[in-house]
Every structure is written in structure tokens, then in C-alpha cells.
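Note: hydrogens, waters and symmetry copies are ignored here, and every other heavy atom, side chains too, is used. Note on naming: letters A, B, ... go to the chains in the order of the sequence lines (proteins, then strands), and numbering restarts at 1 for each one.
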2 protein chains.
Amino acid sequence: MASNKMGSKPKVTIHHIAEKLNITASTVSRALNDNPRISEVTKKAVLKAAKQLNYQPNNIAAALRNGKSYIIGIIVPTADRAFFASVVRGIEEIANKLHYKVIICQSYDNYEKEVQTIDALLSARVDGIIASIGKNTENFDHYKRPQEKGIPLVLFDRTTDALEVSQVVIDDYLGAYKVVEHLIQQGCRRIAHFTSPKKVSVFKERLRGYMDALRDYEVPFSEELVIKSNLQLEDGRASMEQLLGLAERPDAVFSASDYGAMGALQVLKENGIKVPHEIAVAGFGNEPFTSFSDPALTTVDQFSLTMGRITAELFFEHFKASADKKLVPQKTVLKPELIIRGSTLRNAPPKK
Amino acid sequence: MASNKMGSKPKVTIHHIAEKLNITASTVSRALNDNPRISEVTKKAVLKAAKQLNYQPNNIAAALRNGKSYIIGIIVPTADRAFFASVVRGIEEIANKLHYKVIICQSYDNYEKEVQTIDALLSARVDGIIASIGKNTENFDHYKRPQEKGIPLVLFDRTTDALEVSQVVIDDYLGAYKVVEHLIQQGCRRIAHFTSPKKVSVFKERLRGYMDALRDYEVPFSEELVIKSNLQLEDGRASMEQLLGLAERPDAVFSASDYGAMGALQVLKENGIKVPHEIAVAGFGNEPFTSFSDPALTTVDQFSLTMGRITAELFFEHFKASADKKLVPQKTVLKPELIIRGSTLRNAPPKK
DNA sequence: AGTAAATATGCAATCGGTTGCGCATAATAC
DNA sequence: GTATTATGCGCAACCGATTGCATATTTACT
């Protein structure tokens, strides 16, 4: 009577089902899991009783017993960047197909939070972790913990070679190279680059692509044209202001982030500078808003959905293998695509 | 020896710590939980041993025993809309402060997935659910399940009055009214409206605000100017095309979504129609990209971060109360803010 | 009929912490 | 010196589902 007070939950377990049917919890458990050792008659009875009693399986108990939760944790700097959202979607797609659930955690590019999140996921006993490293993270020790615990880890996009981990990235070098090549072909000769001071490989790779393209096309490199910032909208604005103050202005800006490029674009428009004819602008990432601006922004598409799917597939390979031998860490590199739009197109478009 | 094979995880438990210190697991548990009944000396010893053994608490086990997981589930249609991302952030902020973790689930506006997600969260034994209903959901029975199980549920933004649940929304009616009022003050007389055919209250409210503003200012209402669609970019484009085909074109468009408005804007620009002087355009939601377009888009800000915080606070109120008496469902309505930008500003701005 | 083999279910331990209750030993009181 | 109260920790049950092994009941087959 006391336990059936309103306000408290009924808490139906397999034992209640068992009791009702005069069988044991073992049988109920097996019936619910469609174990071939249980007769069809019993299975149907159990299913029916479960529905009647409004039974809700307790995954916590199962997870404890089985040692696996069928949950994989995803850590991204932020979920509201189209790129990350899309990767997550790709991962989810594959994971769900294999009856895994996914829990999304945001580090907000905050190192402390990233460390805490790893710990929380480990304590939550997720079966694996897929992550993209925060911008401010310079020490990667916390990413060693999952491996120590024997739970698989795969990194994507914002990765590091300091860890022996499988990773999926796009060829940032190639993407950047293509952008700069394109700008040069459009007649640009003083091409500025917005990059990040952070130790994140993607930015270093983009910088490398930028420099190599200049070198290959014998376009002079100028230190003053490379500007480091956090690459957000406001940073892009500030960087552009700085460039406009130069004795010799650039005739193109290639930002390692779309946000930075958008900031530059805004400043240029406010100053009445014509884009792309006076100064061309290109970004990186193909965020949706890049097609909304005027002119629309040339950028690099990262095939985020594909990246998510591939990351998940790679993850599950490791996952399956992790039981016995460890797989050798493997790096998958995807090819990006240059998306040419009005912000860099000086000649009339070929119209195909 | 066999259990210590490389490749398999060590699995350190409180029992190992206990063994090492010649005490019992009870004491270790209490020490780790800073129970006053344990001496400081023992606590320190336990902490030290835990660190040495690289102990990782198993939340699964604790959750099973305690009947609570310290996790709350959030369901949003999609995490990559700035609005939802921002609400989630607000919720997380409050939740983390109270040592709760948050797991984010996306329904992708898919009814089936929404139902499954509720079920998954229930089985995962989350301590509560905070959700925003998918666009295509017309049956809300699955939202009754958490309550039946005694776990608190709070809805935000995309809510319904068909459920006896606490909810946090903005005053969509007021926001829409303000937009239309503003358009009228700018001299618009044929104001079109993009809305959704879905049974989501936000859109119905915005439509109501639109109509009431017209009525109050004695601007004639015309059925042909109200267009229903899914309100995405492409829908906005199609709707705008449709409007341009009208014998008598509108002189303003108020879209219930920023995406729809952006689509309209694109079509207008492609057709060489001047915005705002020939046709003014306004959206709803204040998505970041609205400030990137040319002209920048007039829209309505929804104070998403605040909404998240308030939703979380309301949730925890219910949570604390749910032990004994149930709280009466409560509806919090936030005031939105009209953000006036170039897409509707026909007169030179006052420059303050 | 008798035994092997298949079928269906029960028993009890287990996963890793948590916690009410009880039992020492030590400290304080009268 | 005995009674009283703290203090610190151990014992064992418990949360709910899973599963190896044992048992009971049929069916099959020689």
C-alpha cells in the first residue's frame, strides 16, 4: 500500500512480468531478447504482459551486467556550426543502423570542459568516443585515457598526430592550395591569409597549402599578409581593417574560416571596396551562410556528412576489432571541393 | 593471469581499492562520496589509492542502485539551428551548475525518431527530459510516457497545449505583431506572410499576430498573400516566385522563418527587385546569417540563451518538487525583440 | 521399452556501487 | 570505575537484467 502511493513511480521490472505469468525473470529476460530457447507461446505472453504493465526496460541494469551501454559519445567544440552538426548527423546515421545511440557533448573549445567531458563519458561507460579537438587544447593526455581503459577513440577534422589514434580529416592542404591557385588564376597577386595561432592541424595545413601555392606560382610571399586570429566574424573584421591600413593593400583575402571571410566581406562593403574586383575574398568550410551573402562567398566544401559516415565506420571497425588485437591507427584523408562563387570571380563566369 | 592479458581492460573497482588498503568497499564508497562518517585519514588514503590504480567510477552501477543517473535528456528537432543550439547551451549552463549532465538528441523533425528517442531516453533512465516538438508531430501521446513514469518533462518553443506540461515559449504573437506593425509604419500595404501548414503553435501564433496587426491598422487582408510551406530556403524561394506571379504584387513579405525570408530575398535580388523599396522582407528568429545578407534581414530575436536557462530552471523546480506533490504545469512566456535592419527600412535610419 | 537428443524453463551468481544497521573501540561524563 | 555517547568501519542486502549450468518435460529413434 505504501509503495503504491500516487506520486511515486510504479517501476515495473521483469520480475513483475514473471510473477504475473508464473515464470521466472530469466525466462522473461530471454523472451524479451528473443532467445531461441524460449517457446513462441511464452514469448508472446511475455510481450503482451510487458505491454499491459507498461514495462520499460532498464538499460542501466543491462549495461551494468553486460559491460556495454550501446552508447557512443561524440565530443565536438560546438554543435551549432553546420560542419559539426552535419558530421554528427553522418555518425548518427551509421550508429543507429547498428543500434547504437549517440550522445553529443560540446566542449565549447574549452580545455577544462573537454577534459571533464572525457571523464564524464568514461564514467558513463560509453562504448566508445568520437571527438574533434577543441581549438585551445594543447595537451592531449586526456585523450589517452579512453585507450587506457580499452575503449576505442576516433578523431575527426580537428585532430593531432601527437596521439596514436585513427582519424578522419579532409585534405586541408589541398583545399587551401586550390583556393589560392584559383585566386591567382583570377589575377590576384597580393593574397592575404587569415589563420589561427592555435596548434590545430587544420589551420597549419591550410597555411601550408597557401604558401605552397604562392611558391608554385611564383607569387611573392609577404609576412604582413598573414594574420593570426580566432577566425570568428569579429576577428575577420579586425583583420581586414588591419589589412586596409597597409601601405600596399592586398587584392585578395583567403580566410581559413568562413566566419573570418564573412567579417572581411562586411568591412569591405562598409568601406565601399568592390568585391571581387578590388579585393577578392574566399573562405573555408562552406557554411550555409556563405551562399547568402552578396556576393556569395567562394569557399571549400568539406563533405561533412560523408566525413561523419566514414568516421563512424572507421570507429566500428576498431570497435569490433578491439576485442582481440588492436587495429593499427589509420588516417583517412578526404578530398575537399572548391566552391567558386561571386566573391572571387572576376571574369564573367564561363556559364559552362 | 588470464584476466590480465593485454588488450582487455583492467577494470578497477572500489573493491580493488578496498583490498589494497585492507578496508571494505563500503568504506571506499563512503570515502569517495565524502561521507562524514569516514575519517580524514582514510579518505586521503582512498583518494590516493584511487589515483594510483587509475580508478574510474562506474556511474552505471551507481545509477542502478540510486535510481538516478544525473543525466537529463534534451530533444531538439536539429542542433544546427542557431536558435536550438543556443537554447541547449543555456540549459547546459544551468544543468552543469547542479552537476547534471545533458545528452542531446535530434529528432530531425521526424515523428518516428522522436518517439524512439523518448523511449530510448526513458530506457536510459535519464532523470528528466526537456524537449522541443518536431514540426511533423501531430500526436503527442509519446510525451505522456515520461510523466507516467514519473520523470519530469518540460517543453520549450515548439510546444503544445494538448499536454499538461510546463513550457517556455516566446510571445510569438507579439513578435509577429511587431514585425507587421513595423512594416505598416514603413508604408507597406500589401504584406504577404509565409507560414507553415503544421500544427505547431509557434506558427499559428505568428499568423495570428500578423492578422491582428493588419486588422488593428486597417490594412486589408488578402488570402492569396498567405502562403504555406515548410519554410526552408527553397520553400521561401518558391513562395516568392508564386507571389511575383500575382496580378497585384505584395510590397512586403513577412516570413515566419528566417530561412524562408532569405529565400525570398534571393529571388527578389535575382529578379532585380529592390529591397526594401519595392518589396520589404522580414523574417523571424534572428539566425546569425540574417545579418550577413545584403540588405541585412529584419527579424525577431528570441533570446534563445535566456530561454534555455529559464527552461532549465523551470525543469529543476519540477524536478525537486516531483518527489512529493506534483507542481501545476506552468507556462512562461518571454518577450521577443524586433530587430530592424535594412531589408525593411525604407526611410533613412534616424541615426539615433 | 529404453535411452539419446531436443526443448523449455528455473536457479543462482554476477555486474559495481550504495546504504541501513550493527559492532567494535575510544572518548567523555558522572 | 561504570555508564554514555561518539567515532569509524564492516556486513550484507539491494538496484534490474543477464547467463552458464542444471533440471524437467517431450520427442525421436533403435
Please state how far atom [atom1] in [X] lies from atom [atom2] in [N], giving the value in whole angstrom units.
| X | N | atom1 | atom2 | answer |
| --- | --- | --- | --- | --- |
| A:N35 | D:dT18 | CG | P | 11 Å |
| A:N59 | D:dG16 | CG | P | 14 Å |
| B:I14 | D:dC14 | CD1 | P | 18 Å |
| B:R65 | C:dT19 | CZ | P | 6 Å |
| A:H15 | C:dT9 | NE2 | P | 17 Å |
| A:L21 | C:dG10 | CG | P | 10 Å |
| B:I38 | D:dT7 | CD1 | C1' | 10 Å |
| B:K11 | C:dT14 | NZ | C1' | 12 Å |

Note to self: Using the ring centroid of each side chain, check whether A:Y111 and A:H142 are separated by less than 6.0 Å.
What the structure shows: yes
Note to self: Can you confirm if the aromatic rings of B:F319 and B:Y100 lie within a centre distance of less than 6.0 Å?
What the structure shows: yes
Next item on the list: Starting from the 5' end of DNA chain D, give me the residue, B:V28 or B:R125, whose nearest nucleotide shows up first.
Entry: B:V28
Next item on the list: Let me know, please, whether B:L64 or B:A25 comes out on the 5' side of the other along DNA chain D by nearest nucleotide.
Entry: B:A25
Check: Of all the nucleotides listed (C:dG20, C:dG17, C:dC15), which has the minimum atom distance to the side chain of B:R30?
Finding: C:dG20
[X] side chain near [N] phosphate (N/O to OP1/OP2, under 4.0 Å):
| X | N | value |
| --- | --- | --- |
| A:T24 | C:dG10 | yes |
| B:N66 | C:dG17 | no |
| A:S29 | D:dT19 | no |

Margin query: Taking B:R125's backbone N and O only, do any of them form a donor-acceptor pair with B:S69's side chain (distance below 3.5 Å, no angle check)?
Written below: yes
At 4.0 Å (heavy atoms only), tell me whether [X] reaches a base, stays on the sugar-phosphate, or touches nothing.
| X | answer |
| --- | --- |
| B:I23 | sugar-phosphate |
| B:N33 | sugar-phosphate |
| B:S39 | sugar-phosphate |
| A:N22 | sugar-phosphate |

Check: Regarding B:K144 and the six-membered ring of B:F140, is the cationic atom NZ or CZ under 6.0 Å from the ring centre and inside 45° of its axis?
Finding: no
Next item on the list: Check whether any side-chain heavy atom of A:I103 sits under 4.5 Å from a side-chain heavy atom of B:I71, and report yes or no.
Entry: no
Note to self: Tell me whether the side-chain N or O atoms of B:S26 pair up with the base of D:dC11 as donor and acceptor below 3.5 Å, since no angle test is needed here.
What the structure shows: yes
Check: Quick one: the side chain of A:R37 and the base of C:dT9, do they pair up donor-acceptor inside 3.5 Å?
Finding: yes
